[in-house]
Protein chains: 2
Amino acid sequence: MKETDAPILAPEQQLCFAVYAAGQAFARLYRPLLEPLGLTYPQYLAMLVLWEGEPISVTGIGQRLGLDTGTLTPLLKRLEAAGLVRRTRSAEDERRVVVTLTDRGRALKERARTIPDAVACASGRDIDGVVALRDELKALARALDTSESAL
Amino acid sequence: MKETDAPILAPEQQLCFAVYAAGQAFARLYRPLLEPLGLTYPQYLAMLVLWEGEPISVTGIGQRLGLDTGTLTPLLKRLEAAGLVRRTRSAEDERRVVVTLTDRGRALKERARTIPDAVACASGRDIDGVVALRDELKALARALDTSESAL
DNA sequence: GAGATTTATATTGTACACAATATAGTTTTG
DNA sequence: CAAAACTATATTGTGTACAATATAAATCTC
């Protein structure tokens, strides 16, 4: 088994690098699709959450996307500067910043509707294939996160 | 089909987000494993390439990892500041910056050997399961990259 | 072999990503 | 109700990530 030690360290052989490279490939694919909407990919993710339902707090968005405030606060400020969202402190609990869509932000949803289909098409998989791989990755992420404590 | 339009836009249903979340989960898993080595995850990827074979140019590393010079130059300067690599201009072609390992950088490989096993274990998959998912992701990345021109 | 093209790297600017810390507001407890 | 504990967000600092541009060296073309 000695002689198989070295190749295991090659990036191309590792699952983590395959995930990393697939993420880069998605980023390259999304960039030209989102550029006409004036959104980056993480901004698009935040808009997806807002299109699902608002108002929602910064923490609420962070829980859906797995992002912390250090990432979301400047991201949401840029979306606010672009006129897509509003950030207002909650009256009941003044620690909360509640994010709502503007009319322009709501209208952008229509222009984004064609994106998931274009991406699914680019993946070269049918719906079942996309769903199967998606669920495998969800299970992987869950396994990685739950094992953290065991190390 | 009208009423299925909206849910398609939920981040949790999309393959791209599953890849994104799995990448975040890997980053969380690797951070405590790499912290004793003084490496970040992208720095670890660069070291993997160097451990496979050096000297290698900045462009050579970038081709293996899919990273451009704007990312690699500061990353490699940090590895140089940490005493793990050396950056020297090639004598034959003075445009090239050739990266080599120092003794400390080479020695670090031994301490990194246990990491792939720990990560594979954390994934909760056997070797065949890891290989199968890795190859599916490679195929996905290839499909996404080749479709770019077709849009 | 001088000029145009190409190639390799560096630099600049914008935008994540997250740990650590700070701050302010809320809730809990005695 | 006052002190302690907790919660939500913001701030700071470090480190990617990449587009666009700059620079310098090598190569190609006539």
On the 0 to 90° scale, with breaks at 30° and 60°, tag the A:Y20-B:Y41 ring pair as parallel, tilted or perpendicular.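 Ring orientation of A:Y20 relative to B:Y41: perpendicular.
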Evaluate the ring planes of A:Y44 and A:W51, with Trp represented by its six-membered ring, and classify them as parallel (under 30°), tilted (30 to 60°) or perpendicular (over 60°).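 Answer is perpendicular, since the angle exceeds 60°.
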With a 4.0 Å cutoff (strictly under), does any side-chain N or O of [X] reach OP1 or OP2 of [N]?
{"X": "B:R78", "N": "D:dT16", "result": "yes"}
{"X": "A:Q43", "N": "C:dC16", "result": "yes"}
{"X": "A:Y20", "N": "D:dA17", "result": "yes"}
{"X": "B:R28", "N": "C:dA17", "result": "no"}

Side-chain donor/acceptor of B:S57 to backbone N/O of B:V97, under 3.5 Å: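 Not at all, since once roles are kept as given, no pair shorter than 3.5 Å links the two residues.
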Check whether any side-chain N or O of A:Q43 sits under 3.5 Å from a backbone N or O of A:T40 as a donor-acceptor pair, and report yes or no.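 Side chain of A:Q43 to backbone of A:T40: a pair is present.
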Out of A:L72, A:T88, A:I61, which one pairs with A:V99 under the side chain to side chain contact (heavy atoms under 4.5 Å, CB included) rule?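 Output: one option passes, namely A:I61.
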So if I take residues 66-77 of chain A and measure heavy-atom distances to DNA chain C, which residues fall below 4.0 Å?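 Within this stretch, A:G66, A:L67, A:D68, A:G70, A:T71, A:L75 sit under 4.0 Å of the strand.
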Indicate, with a heavy-atom threshold strictly under 4.0 Å, whether B:E92 touches base, sugar-phosphate, or nothing.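 Sugar-phosphate contact only - B:E92 comes under 4.0 Å of backbone atoms but never of a base.
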Trace of the salt bridge (charged side-chain N to carboxylate O under 4.0 Å, His left out) decision for B:R125 with A:E136: CA-CA 11 Å; B:R125 291 168 164 264; A:E136 278 212 272; 2.6 Å; yes
Ion pair present between B:K77 and B:E80, side-chain N to carboxylate O less than 4.0 angstrom?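 Salt bridge: no.
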Presence of salt bridge, B:E54 and B:R106, under 4.0 angstrom: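 Yes, this pair counts.
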Can you tell me how far C1' of C:dC18 sits from OH of B:Y30, to the nearest Å?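 Atom OH in B:Y30 sits about 19 Å away from atom C1' in C:dC18.
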What is the distance, to the nearest angstrom, from the CZ atom on A:R31 to the P atom on C:dT14?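 Result: 17 Å.
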In B/S/- notation, 5' to 3', how is nucleotides 2-8 of chain D contacted by protein heavy atoms closer than 4.0 Å? -----BS
Which nucleotide sits closest to the side chain of B:T40: C:dC16, D:dC18, D:dG15?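 Nearest nucleotide to the side chain: D:dG15.
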